[in-house]
Amino acid sequence: MASLRCLFRSGKSAASVLRREFHKTSPAALQVTVRDALNQALDEELERDENVFLLGEEVAQYDGAYKVSRGLWKKYGDKRVIDTPISEMGFAGIAVGAAMAGLRPICEFMTFNFSMQAIDQVINSAAKTYYMSAGLQSVPIVFRGPNGASAGVAAQHSQCFAAWYSHCPGLKVLSPWSSEDAKGLLKSAIRDNNPVVLLENELMYGVAFELSDDAQSKDFVIPIGKAKVERPGHHVTLVAHSRMVGFCLDAAAVLAKEGVECEVINLRTIRPLDVETIEASVMKTNHLISVEGGWPQFGVGAEICARIMEGPAFNYLDAPVIRVTGVDIPMPYAKILEDNSVPQIKDIIFSVKKTLNM
């Protein structure tokens with residue numbers, strides 16, 4: 001009351017004071033799309049280190065096929081943001097050679113389906129050189145671009161390469177879901193002295209997430225090899241990466257209304273795999289379901305199953321591990337067939353109820 005009396009003496013009415021207090025709200029959280037988070041990371045790292053440069057098809061004058069590199073060519077010029085011919089093997093080889101010479105290239109594939117044209121460079125040239133040189137020659141390079149199924153692009157453009165590349169020693173393989181993941185993991189990848197494969201998702205580029213105050217810092221990085229518990233729970237563990245993390249969170253929200261609390265783990269890194277976080281969760285929930293958009297055979301979920309089978313968490317399981325994956329066929333073009341070829345929220349809910357015997 002004393003403070004109000006002071007305001008009244010200064011000529012301010014009680015109505016104006018109360019009206020101003022009533023409308024006072026906390027500032028809205030900053031919403032940033034995955035596309036813009038990647039753009040921020042590229043911009044900040046190009047500014048931070050003059051040895052960093054970006055190359056790939058249409059990354060410069062066209063601002064990137066998905067506009068991830070928007071504005072960077074105008075800011076940094078032809079030597080730092082380089083348009084390449086349509087020759088993945090050629091420009092991936094140039095990037096690997098540049099990394100061996102002391103630069104830090106970021107090699108963008110318009111889609112990771114096209115990386116098959118350059119897979120010899122990625123694995124035989126980049127991944128193995130540090131080992132074959134007895135630790136004398138590092139290859140600090142990032143291979144990045146959209147991975148997995150998009151929408152309506154059929155069999156030759158709908159493959160998930162998480163299992164392919166994570167099979168190979170010498171590579172680190174990252175798979176972001178949120179804007180914070182995208183920014184923090186890309187910055188860590190660029191600063192790492194090893195070859196890193198960053199698997200983005202085309203359907204996530206335009207999705208906006210809240211970006212924390214920490215993530216807005218130019219020094220923000222996410223440690224490679226560390227998963228994140230996106231939602232705590234105690235009935236069943238759901239492990240996923242990339243777009244499937246969101247599907248798991250949506251399924252968990254539905255199941256929570258039925259009294260089932262799912263713990264959702266966002267892998268973030270496929271290689272090295274954060275087995276400790278998965279094991280700790282399984283020891284709490286006693287149930288495990290892995291979810292991925294890729295094919296089932298020799299997939300990420302298969303590796304998770306094997307690790308749990310071989311480790312201490314196996315004895316805590318009350319039911320077999322279930323894998324929710326894409327269907328074991330080339331991706332159909334027709335939308336209704338496509339929808340039935342990739343995991344849906346209903347598939348995750350069904351699997352949870354199956355493993356809990358509901």
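These numbers come from a predicted model, not from an experiment.
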* Would you say the side-chain atoms of K74 pair up with the backbone N or O of Q61, donor to acceptor, closer than 3.5 Å? -> no
* From CA spacing to verdict: side-chain contact (heavy atoms from CB on, under 4.5 Å), I289, T355 -> CA-CA 8 Å; I289 295 172; T355 197; 3.8 Å; yes
* To do: State plainly whether one hydrophobic cluster holds both V96 and V59, where clusters connect Ile, Leu, Val, Met, Phe, Trp and Tyr through side-chain heavy atoms under 4.5 angstrom apart.
  => no
* Any chance you could measure I82, atom CD1, to L55, atom CG, to the nearest 0.5 Å? => 6.0 Å
* Got E88 and S115 here, is their nearest side-chain heavy-atom distance under 4.5 Å? -> no
* Hey, is R48 close enough to E45 for a salt bridge, meaning N to O under 4.0 Å? -> yes
* How long is the gap from OG on S351 to CD1 on I322, to the nearest 0.5 Å? -> 5.0 Å
* Taking all atoms of both residues into account, what is the closest heavy-atom pair of A251 and I349, and its distance? -> CB-CG1, 3.8 Å
* **Side chains of F298 and W164 in contact at under 4.5 Å (non-hydrogen atoms)** => no
* **Side chain T269, main chain R271, donor-acceptor under 3.5 Å** => no
* **M331 vs V342, side-chain contact (heavy atoms from CB on, under 4.5 Å): CA-CA, chis, key distance, verdict** => CA-CA 9 Å; M331 182 64 70; V342 294; 3.4 Å; yes
* Asked: Hey, any chance I141 and M100 share a hydrophobic cluster, counting ILVMFWY side chains that come within less than 4.5 Å of each other, even indirectly?
  -> yes
* Asked: Any Lys/Arg nitrogen of E263 or R231 sitting under 4.0 Å from an Asp/Glu carboxylate oxygen of the other?
  -> no
* **Charged tip of K284 within 45° of Y316 ring normal and under 6.0 Å** => no
* Can you tell if the side chain of N147 reaches within under 4.5 Å of the side chain of C160, non-hydrogen atoms only? -> yes
* Y130 backbone acceptor or donor facing S133 side chain under 3.5 Å -> yes
* Structure fact -> Residues C107 and A95: closest non-hydrogen pair is CB-CB, 4.1 Å
* Asked: Would you find a donor on one side and an acceptor on the other, under 3.5 Å apart, between the side chain of T285 and the backbone of H287?
  -> yes
* To do: Indicate the atoms forming the closest heavy-atom contact of M89 with Q121, along with that distance.
  => O-NE2, 3.5 Å
* Side-chain donor-acceptor contact under 3.5 Å, N113 with T111 -> yes
* Could you walk me through whether S212 and E180 pass side chain to side chain donor-acceptor pair (under 3.5 Å), step by step? => CA-CA 8 Å; S212 67; E180 187 169 303; 3.1 Å; yes
* Asked: Looking at A99 and V139, what are the two nearest heavy atoms and their distance?
  -> CB-CG1, 3.7 Å
* Kindly compute the distance separating OG (S150) from CD (E338), expressed to the nearest 0.5 Å. => 8.0 Å
* Is any side-chain heavy atom of E200 less than 4.5 Å from a side-chain heavy atom of V34? -> no
* For the residue pair F209 and W177, is the inter-centroid distance of their aromatic rings smaller than 6.0 Å? -> yes
* Asked: Has I86 got more than 12 heavy atoms of other residues, nucleotides or ligands less than 6.0 Å from its CD1?
  -> no
* Asked: When the ring centroid of Y66 is compared with that of Y205, is the distance short of 6.0 Å?
  -> yes
* Structure fact -> The reported gap from CG in L198 to NZ in K172 (rounded to nearest 0.5 angstrom) is 13.5 Å
* To do: Would you indicate whether the side-chain heavy atoms of H241 and V300 approach each other to under 4.5 Å?
  => yes
* Asked: Using 4.0 Å as the upper bound for N to carboxylate O, is an ion pair formed by D274 and R268?
  -> no
* Asked: How far does CG of L54 sit from CZ of R104, to the nearest 0.5 angstrom?
  -> 15.5 Å
* Do L211 and Q31 pass the side-chain contact (heavy atoms from CB on, under 4.5 Å) test, and can you show the C-alpha distance, the side-chain angles, and the key distance before you say yes or no? -> CA-CA 6 Å; L211 207 62; Q31 296 278 327; over 6 Å; no
* Distance in Å, L255 CG paired with L238 CG, rounded so as to fall on 0.5 Å steps -> 8.0 Å
* Would you say the side chain of W73 lies within less than 4.5 Å of the side chain of D78, judging by non-hydrogen atoms? -> yes
* To do: Check whether any side-chain N or O of N193 sits under 3.5 Å from a backbone N or O of P140 as a donor-acceptor pair, and report yes or no.
  => no
* **Hydrophobic cluster identity match, L103 and L72, side-chain contacts under 4.5 Å** => no
* Asked: Looking only at atom types and distance, does a side-chain atom of H235 sit under 3.5 Å from a main-chain N or O of C262, one as donor and one as acceptor?
  -> no
* To do: Give the minimum heavy-atom separation between A162 and V173, together with the two atoms involved.
  => O-CG1, 4.4 Å
* Check whether any side-chain N or O of N39 sits under 3.5 Å from a backbone N or O of R70 as a donor-acceptor pair, and report yes or no. => yes
* Side-chain donor-acceptor pair under 3.5 Å between E108 and S69, yes or no? -> no
* Atom CD1 of I336: over 12 foreign heavy atoms under 6.0 Å -> no
* In this structure, are over 12 heavy atoms from other groups packed under 6.0 Å from M132 atom CE? -> no
* E50 atom CD, neighbour heavy-atom count above 12 within 6.0 Å -> no
* Keeping the roles fixed (side chain from D347, backbone from Q344), state whether a donor-acceptor pair exists under 3.5 Å. => yes
* **Hydrophobic cluster membership, I348 vs M358, 4.5 Å side-chain cutoff** => yes
* M309 atom CE, over 12 foreign heavy atoms within 6.0 Å -> no
* Asked: What orientation do F112 and Y165 show, parallel under 30°, tilted 30 to 60°, or perpendicular over 60°?
  -> perpendicular
* With E44, which of K218, R191, K187 fulfils salt bridge (charged side-chain N to carboxylate O under 4.0 Å, His left out)? -> K187
* Asked: What about the rings of H157 and F114, do their centers lie closer together than 6.0 Å?
  -> yes
* To do: Keeping the roles fixed (side chain from N266, backbone from V245), state whether a donor-acceptor pair exists under 3.5 Å.
  => no
* Structure fact -> Here the pair of heavy atoms bringing F247 nearest to P343 is CE2-O, 3.3 Å
* What do the steps show when you test K353 against E258 for salt bridge (charged side-chain N to carboxylate O under 4.0 Å, His left out), and what is the final call? -> CA-CA 11 Å; K353 291 184 175 181; E258 301 183 33; 3.2 Å; yes
* More than 12 foreign heavy atoms under 6.0 Å from CD of Q156: is that the case here? -> no
* **Side-chain touch D181/S178, heavy atoms, less than 4.5 angstrom** => yes
* Checking D192 side chain against A189 main chain: does a donor-acceptor pair fall under 3.5 Å? -> no
* Asked: Taking it one step at a time, do I278 and R307 satisfy side-chain contact (heavy atoms from CB on, under 4.5 Å)?
  -> CA-CA 10 Å; I278 302 171; R307 296 286 189 97; over 6 Å; no
* **Heavy-atom check, side chain of S188 versus side chain of P223, under 4.5 Å** => no
* To do: Treating Ile, Leu, Val, Met, Phe, Trp and Tyr as nodes and any side-chain heavy-atom pair under 4.5 angstrom as an edge, say whether V197 and I190 lie in one connected cluster.
  => no
